[in-house]
2 protein chains.
Amino acid sequence: MTLSANRFIGEYAYSIDAKGRVNIPARFRQALSVENEGTFFTTRGFDRCIYVIPAIIWMDMETELSNLSSVSGINRTFIRNQTRHASSSTYDKQGRITLPLSLLEYAGIEKEATIIGMINKIEIWNPDYLTENDQNNLNLDSNAYDDLAGKIIL
Amino acid sequence: MTLSANRFIGEYAYSIDAKGRVNIPARFRQALSVENEGTFFTTRGFDRCIYVIPAIIWMDMETELSNLSSVSGINRTFIRNQTRHASSSTYDKQGRITLPLSLLEYAGIEKEATIIGMINKIEIWNPDYLTENDQNNLNLDSNAYDDLAGKIIL
DNA sequence: GATAATTACCCACAACTACCCACTATCTTA
DNA sequence: TAAGATAGTGGGTAGTTGTGGGTAATTATC
């Protein structure tokens, strides 16, 4: 089963319950926690969404951060911004994770959530923001989109 | 549980009580005191904040200091500046630490404090100074920030 | 050396979180 | 098609976490 280790694809619709729990698609669960006993990391995404990141990938990033010299002010600010919204997490017996309230607010998620596989990480969206966000990106830079499509073909 | 030993991430809001005690986030406690029975060190941060440093990391720094020749005046000054504001500490049964008044004054902390995990150490901030500080750094050096973001990607 | 001030240790309680169990719907397999 | 397994959702409970305050022990002051 090495084929799809840490490779997430597809879109899923789930609900958030009163305790802030979301289901992780069954297909994602194994890859999320490979070799790390069910541990992974959540943080803010570049867009207005939540990132769920496999431990191996997050740890690499952490290691790079720990190699930055604390003497530089901008390094310190960068480290802060990388870690402040992040936390490690595990899922419960039913395969759900509890999302911090701060992240749910950031992503504007209340009851419904769309989960998208982004190859090496997972995104959790407010379903409305998702389509809106991508439409905006397309409007701003449709040429770049076509370039990518031209290079990365099926 | 080797996964996140001595790896501090996340942001937490706590209050300082009348006795100068702050809670240490439960998730940090174990990593803070690995192999040293609850002992760690507090000192001034580079920014206007308080550092809380695991014993293992502090001891490494002490060792390097002890290798500096005392014949050099600048070495002596450097050693002094590293140690004069530092002290060792432990937490009480509820997981709190008592911060020296001098450090609280240095960081301008009164009732509210923001605690940030900085991978291998912890920072304690006056919530107002924190955002102000990082905004200043960004204004001064946003190019360097973008460079870092380009290299260290999620 | 007696008293005041500070610190360390202990207990108490409310809020929250993690863990457990239960139910339904869907998918798989015989 | 029936039966079992898996997946998604909801809720209860015990343990943990954050916060306040009291008392004894230690340190400082006169």
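Note that this is a predicted model, so its numbers are computed, not measured. In what follows, chains carry the letters A, B, and so on, assigned in the order in which the sequence lines appear, proteins first and then strands, with residues in each chain numbered from 1.
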Subject >> First-last contacting nucleotides on DNA chain C - partner chain A, under 4.0 angstrom, heavy atom >> reply: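 Contact boundaries, 5' end first: dA18(C) to dA22(C).
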
**OP:** Five pairs at each end of the helix from dG1(C)-dC30(D) to dA30(C)-dT1(D): take the axis at both ends and give me the angle between them to 10°.
**Re:**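 The end-segment axes of the helix from dG1(C)-dC30(D) to dA30(C)-dT1(D) are tilted 40° relative to each other.
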
Subject >> First of Thr98(A) and Lys93(B) reached from the 5' end of DNA chain C, by closest nucleotide >> reply: Lys93(B)

Subject >> Closest heavy-atom pair and its distance - Ala107(B), Cys49(B) >> reply: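 Scanning both residues, the minimum pair turns out to be CB-CA, 3.9 Å.
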
Subject >> Heavy-atom pair of closest approach, residues Thr39(B) and Thr90(B) >> reply: OG1-CG2, 4.0 Å

Original post:
Do the side-chain N and O atoms of Arg29(A) and Asn23(A) include a donor-acceptor pair separated by under 3.5 angstrom?
Top reply: yes

**OP:** Could you identify which residues of residues 110-117 of chain B place a heavy atom less than 4.0 Å from some atom of DNA chain D, listed by residue number, or say none?
**Re:**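 Result for residues 110-117 of chain B: none.
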
Subject >> Contact pattern, 5' to 3', of nucleotides 6-19 of chain D - B, S or - by protein heavy atom under 4.0 Å >> reply: -SBBBBB----SBB

Original post:
Going by heavy atoms in the side chains, are Ile16(A) and Lys111(A) under 4.5 Å from each other?
Top reply: no

**OP:** Would you indicate whether the side-chain heavy atoms of Ile9(A) and Ile119(A) approach each other to under 4.5 Å?
**Re:** yes

Subject >> ring-ring contact (aromatic ring centres under 6.0 Å, His included) contacts touching residues 108-154 of chain B (sequence neighbours left out) >> reply: Phe78(A)-Tyr145(B)

Original post:
Who pairs with Asn139(B) by side chain to side chain donor-acceptor pair (under 3.5 Å), at least two apart in sequence or on another chain?
Top reply: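 By the side chain to side chain donor-acceptor pair (under 3.5 Å) rule, Asn139(B) matches Gln135(B).
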
Original post:
What's the spacing between Thr98(A) OG1 and Leu104(A) CG if we round to 0.5 Å?
Top reply: 10.0 Å

**OP:** Please check if atom CD in Glu110(A) has more than 12 non-hydrogen atoms from other residues, nucleotides or ligands closer than 6.0 Å.
**Re:** no

Subject >> Neighbour count above 12 (heavy atom, 6.0 Å) for Ile74(B) CD1 >> reply: no

**OP:** May I ask you to say whether Asp92(B) pairs ionically with Lys19(B), meaning some side-chain N is under 4.0 Å from a carboxylate O?
**Re:**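 Answer for the salt bridge query: no.
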
Original post:
Would a line drawn from the ring center of Tyr51(A) to the ring center of Phe41(A) be shorter than 6.0 Å?
Top reply: no

